[in-house]
Amino acid sequence: AVVLCAYLEMEGIDLRDRSVIELGAGTGLLGIVVTLLGTEEPDGVRALYSTCCARVTITDRAAALEFLESNVQANLPPELRPRAVVKELTWGKDLDNFPPGAFDFVLGADIVYLEETFVELLQTLEHLCSERTVILLSCRIRYERDLQFLRMLRERFSVSEVHYDSSKDVHIYRAQRGSRKEDF
């Protein structure tokens with residue numbers, strides 16, 4: 001998650017007035033950082049009361065929600081907490097609780113590791129994404145199964161590697177429906 005957070009900040013990806021969902025949030029670090037970055041004005045000043053802040057949905061399975069919610073509460077200033085919503089999402093299930101194609105960004109850090117979840121993760125990505133949605137996934141490529149997931153992702157989305165952190169051996173992949181590759 002740290003590598004993807006740094007990438008979003010260093011690349012200056014504009015998250016203001018964007019709808020963002022994080023999958024498999026764990027501790028919530030990425031979603032918290034995205035909420036904070038989504039309030040930054042171009043001059044680096046935080047626009048706490050601006051109406052153009054990012055709207056962030058931070059998701060994980062039911063068992064992780066209590067810890068996730070407490071991290072969001074502890075690490076976001078009170079005025080930003082309404083911008084970050086913690087919701088339950090088990091990949092491939094209850095997708096009707098999330099509007100199809102409603103997100104500008106779908107983010108995932110270290111979520112590609114259990115082969116038995118790949119099909120459900122892809123179903124979830126397809127449901128959440130419109131033609132304009134940008135998916136950013138950070139992961140280590142440890143095993144053949146990780147490469148298999150990337151092959152499966154490429155069957156459904158246009159995928160490119162946008163960053164590699166050699167010190168942490170973490171890759172960041174950008175995916176979007178079709179062959180359209182919009183700039184952020």
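Basis for what follows: all heavy atoms, side chains included, without hydrogens, waters or symmetry-related copies. Since the model is a prediction, treat every value here as computed from it, not as a measurement.
For the pair Arg81 (side chain) and Leu76 (backbone), a donor-acceptor distance under 3.5 Å is present. Formation of a donor-acceptor pair under 3.5 Å by the Arg140 side chain with backbone atoms of Lys168 is found in this model. Under a 3.5 Å cut-off, the side chain of Gln176 and the backbone N or O of Glu131 do form a donor-acceptor pair. Panel note: side chain Arg83, backbone Thr35; no donor-acceptor pair is recorded below 3.5 Å. Arg145 places a side-chain N or O within 3.5 Å of a backbone atom of Tyr113 that can act as its donor or acceptor partner.
Using a cutoff of 4.0 Å between basic side-chain nitrogens and carboxylate oxygens, Asp17 and Arg55 are scored as salt-bridged. In summary, Asp104 and Arg132 engage in a salt bridge, as defined by a charged side-chain N under 4.0 Å from a carboxylate O. Using a cut-off of 4.0 Å between Lys/Arg side-chain N and Asp/Glu carboxylate O, Lys93 and Glu88 are scored as not salt-bridged.
Side-chain atoms of Cys129 and Val106, non-hydrogen and from C-beta on, do get closer than 4.5 Å to each other. Counting heavy atoms from C-beta on, the side chains of Thr39 and Arg16 never come closer than 4.5 Å. Side-chain contact between Tyr164 and Val170: absent, with no pair of heavy atoms (C-beta onward) separated by less than 4.5 Å. Side-chain contact check for His163 versus Val3: some heavy-atom pair is nearer than 4.5 Å. A 4.5 Å side-chain heavy-atom check between Phe105 and Thr133 finds every atom pair outside the cut-off. Between Trp91 and Leu23, some side-chain heavy-atom pair lies under the 4.5 Å cut-off. Between Leu107 and Val34, the closest side-chain pair of non-hydrogen atoms falls below 4.5 Å.
For Ala175 against Val159, the heavy-atom pair with the smallest separation is CB-CG2, 3.9 Å. For the residue pair Ala84 and Val72, the shortest heavy atom distance occurs at CB-CG1, 4.2 Å. Of all heavy-atom pairs spanning Asn71 and Thr27, the tightest one is ND2-O, 2.8 Å. Summarising the geometry of Ser138 relative to Ile172, their closest heavy-atom pair is CB-CG1, 3.9 Å, with the distance given to 0.1 Å. Here the closest non-hydrogen pair linking His171 and Glu161 is ND1-OE2, 2.9 Å. Of all heavy-atom pairs spanning Gly28 and Ile58, the tightest one is CA-CG2, 4.4 Å.
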message: Would Tyr7 and Asp165 count as a side chain to side chain donor-acceptor pair (under 3.5 Å) here? Give the steps.
response: CA-CA 10 Å; Tyr7 173 79; Asp165 183 322; over 6 Å; no
task: Verify side chain to side chain contact (heavy atoms under 4.5 Å, CB included) between Val20 and Thr57, making sure each step is shown before the conclusion.
output: CA-CA 6 Å; Val20 181; Thr57 304; over 6 Å; no
task: Give the C-alpha distance, both sets of side-chain angles, the deciding distance and a yes or no for side chain to side chain contact (heavy atoms under 4.5 Å, CB included) between Leu153 and Leu137.
output: CA-CA 11 Å; Leu153 186 65; Leu137 299 175; 4.0 Å; yes
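Cluster membership for Leu125 and Leu147, using ILVMFWY side-chain heavy atoms within less than 4.5 angstrom, is shared. Linking ILVMFWY side-chain heavy atoms closer than 4.5 Å, directly or via other members, places Leu29 and Val56 in a single hydrophobic cluster. Cluster annotation: Val85 and Leu37 are assigned to distinct hydrophobic clusters (Ile/Leu/Val/Met/Phe/Trp/Tyr, side-chain heavy-atom contacts under 4.5 Å, transitive). Follow the hydrophobic side-chain contacts under 4.5 Å out from Phe67 and you never reach Val86; the two are in separate clusters. A continuous path of ILVMFWY side-chain contacts below 4.5 Å connects Leu95 to Ile135, so both sit in one hydrophobic cluster.
Here Leu136 contributes atom CG and Ile13 contributes atom CD1; the two are 5.5 Å apart, rounded to the nearest 0.5 Å. Here the CZ atom belonging to Phe157 is positioned 13.5 Å from the OG atom belonging to Ser160, to the nearest 0.5 angstrom. The CG atom of Leu89 lies 11.5 Å from the CD atom of Glu120; values are rounded to the nearest 0.5 Å. Between atom CD of residue Glu9 and atom CG of residue Leu15 there is a gap of 11.0 Å, rounded to the nearest 0.5 Å. Between the SG atom in Cys139 and the CG atom in Leu150 there is a gap of 5.5 Å [rounded to 0.5 Å].
A donor and an acceptor atom, one from each side chain of Arg151 and Gln148, are located under 3.5 Å apart.
Sorted by first and then second residue, the ring-ring contact (aromatic ring centres under 6.0 Å, His included) pairs involving residues 131-152 (not counting sequence neighbours) are Phe118-Phe149.
Enclosure of atom CZ in Phe98 by more than 12 non-hydrogen atoms of other residues, nucleotides or ligands within 6.0 angstrom is indicated.
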Pairs under 3.5 angstrom only: tabulate donor-acceptor contacts from the side chains of residues 59-66 to other protein residues two or more places apart or in another chain.
residue	atom	partner	partner atom	Å
Thr59	OG1	Glu22	O	2.6
Asp60	OD2	Ala25	N	3.4
Asp60	OD2	Gly26	N	2.7

